[in-house]
Amino acid sequence: MRIIDKPADWPADEAAALAVQDELRGQVVLDEPGPPPGTGLVTGVDVAYDDERDLVAAAAVVLDARTLTVVEEATAVGRVSFPYVPGLLAFREIPTVLAALGALRGEPGLVVCDGYGRAHPRRFGLASHLGVLTGLPVIGVAKNPFTFSYERPAPGRGASTPLVADDEEVGRALRTQEGVKPVFVSAGHRVTLDNACVHTLHLAPRYRIPETTRRADSLCRRALKEATA
DNA sequence: GCGACAG
DNA sequence: ATCTTGTCGC
């Protein structure tokens, strides 16, 4: 498999990355409701790393939002382009994710990624960054609370509690399964937080993690193994 | 200043 | 993220 190139002007260090965040974060759109849940297409993206070989594999899996069946899959393999720095995850993941999304024949519809959007120290996490670069509606669903503290939601599926920063609700701890640790949802771009939560519940009828992320996670691991083999 | 911190 | 087998439970 061919190894994709990151953009020539991709930031090389933290200072450059912070400057890019400052330049792009004003372009986030948060007053559009976004696509209606349960209809159309929804695409999960995720990446897996092999730091030994300096490789990263990304996957994009398109699902029918109504049936949650797979419509299309694409992968891409690249060099690790940035170290893991909390707050700068996007610079590590996005180049290869863009390549995987670009390899799709059809349109992605709503994109769901691992991580945060608006709920970010600088209000510009992975989901927002990906949204601005592609123009697509994007939401972030994370497995951990990152820097946020939260009140435990009621035990029932669908219960949620706000993630607050500077008196703003930047995200939500959302219970997708009864009695199971919540996931952490935030709007990325061109989607409302309310709508992002409804989408997330729709995508997680059986497990804590949305089907989009589950499919993308297993696919990018497979792609990494094949690239490594 | 120190520690914590999505993946 | 990743290192890693079996095992308890529905």
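Below, chain A is the first sequence line, B the second, and so on; all start at residue 1. Just so we're clear, the structure is a prediction, and the values are computed from it rather than from any experiment.
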*Can you give one letter per nucleotide of nucleotides 3-10 of chain C, going 5' to 3': B for a protein heavy atom under 4.0 Å from the base, S for sugar-phosphate only, - for none?*
--------
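Within the structure, side chain to side chain donor-acceptor pair (under 3.5 Å) contacts touching residues 13-22 of chain A (residues at least two apart or in different chains) are A:Q21-A:R122, A:D22-A:R25, A:D22-A:R122. Annotation: side chain to side chain donor-acceptor pair (under 3.5 Å) contacts involving residues 188-201 of chain A, sequence neighbours excluded, comprise A:E32-A:R190, A:R172-A:D194. Pairs passing the salt bridge (Lys or Arg N to Asp or Glu O under 4.0 Å) check and including a residue from residues 151-166 of chain A, sequence neighbours excluded, read A:R123-A:D166.
When heavy atoms are screened at a 4.0 angstrom cut-off, A:G87 is found touching base atoms of the nucleic acid. Looking at heavy-atom distances under 4.0 Å, A:I94 makes no contact with the nucleic acid at all.
With a 3.5 Å limit on both pairing distances and Watson-Crick or G-U wobble geometry required, DNA chain C contains no stem of 3 or more pairs. Stretches of at least 3 consecutive Watson-Crick or G-U wobble pairs, with each checked distance under 3.5 Å, do not appear in DNA chain B at all.
Counting only heavy atoms from C-beta outward, the side chains of A:V112 and A:T43 never approach each other to under 4.5 Å. Between A:L63 and A:V71, every side-chain heavy-atom pair lies at or beyond the 4.5 Å cut-off.
Rounding to the nearest 0.5 Å places CZ of A:R222 at 12.5 Å from CG of A:L224.
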Quiz: residues 127-141 of chain A side-chain donor-acceptor pairs under 3.5 angstrom, not counting sequence neighbours:
{"from": "A:S128", "atom 1": "OG", "to": "A:G188", "atom 2": "O", "distance (Å)": "2.8"}
{"from": "A:T134", "atom 1": "OG1", "to": "A:L130", "atom 2": "O", "distance (Å)": "2.8"}
{"from": "A:T134", "atom 1": "OG1", "to": "A:L136", "atom 2": "N", "distance (Å)": "3.1"}

Please tabulate, for the side chains in residues 84-107 of chain A, all donor-acceptor contacts under 3.5 angstrom to protein atoms that are two or more places apart in sequence or on a different chain.
{"from": "A:R92", "atom 1": "NH1", "to": "A:F82", "atom 2": "O", "distance (Å)": "2.9"}
{"from": "A:R92", "atom 1": "NH2", "to": "A:D51", "atom 2": "OD1", "distance (Å)": "3.4"}
{"from": "A:E93", "atom 1": "OE2", "to": "A:Y49", "atom 2": "OH", "distance (Å)": "2.9"}

Got a list of side-chain donor-acceptor pairs under 3.5 Å for residues 177-186 of chain A, not counting sequence neighbours?
{"from": "A:Q177", "atom 1": "NE2", "to": "A:A204", "atom 2": "O", "distance (Å)": "2.9"}
{"from": "A:Q177", "atom 1": "NE2", "to": "A:Y207", "atom 2": "O", "distance (Å)": "3.4"}
{"from": "A:K181", "atom 1": "NZ", "to": "A:N144", "atom 2": "OD1", "distance (Å)": "3.2"}
{"from": "A:S186", "atom 1": "OG", "to": "A:G117", "atom 2": "N", "distance (Å)": "2.8"}

*Walk me through it: do A:L126 and A:Y116 pass the test side chain to side chain contact (heavy atoms under 4.5 Å, CB included)?*
CA-CA 6 Å; A:L126 172 63; A:Y116 283 103; over 6 Å; no
_Stepwise side chain to side chain contact (heavy atoms under 4.5 Å, CB included) test for A:L201 and A:L174_ = CA-CA 8 Å; A:L201 275 179; A:L174 175 67; 4.1 Å; yes
*Checking side chain to side chain contact (heavy atoms under 4.5 Å, CB included) for the pair A:V42/A:L203: CA distance, chi angles, key distance, verdict?*
CA-CA 9 Å; A:V42 59; A:L203 293 167; 3.7 Å; yes
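In this structure, the CZ atom of A:R92 is 12 Å from the P atom of C:dA1, given to the nearest Å.
Once you apply a 4.0 Å limit to the heavy atoms of chain A, the touched nucleotides of DNA chain B run 5' to 3' over B:dC5 to B:dG7.
In this structure a side-chain-to-backbone donor-acceptor pair under 3.5 Å is missing from A:R175 to A:G156. Using modelled atom types, no side-chain atom of A:T39 and backbone atom of A:P36 make a donor-acceptor pair closer than 3.5 Å.
Contacts between residues 43-62 of chain A and DNA chain C, counted as heavy-atom distances below 4.0 Å, involve A:A48, A:Y49.
For C:dT2, one of the phosphate oxygens OP1 or OP2 lies less than 4.0 angstrom from a side-chain nitrogen or oxygen of A:R221.
Applying the side-chain contact (heavy atoms from CB on, under 4.5 Å) rule to A:D114 yields the partners A:D46, A:K143, A:T213; only residues at least two apart in sequence or on another chain are considered.
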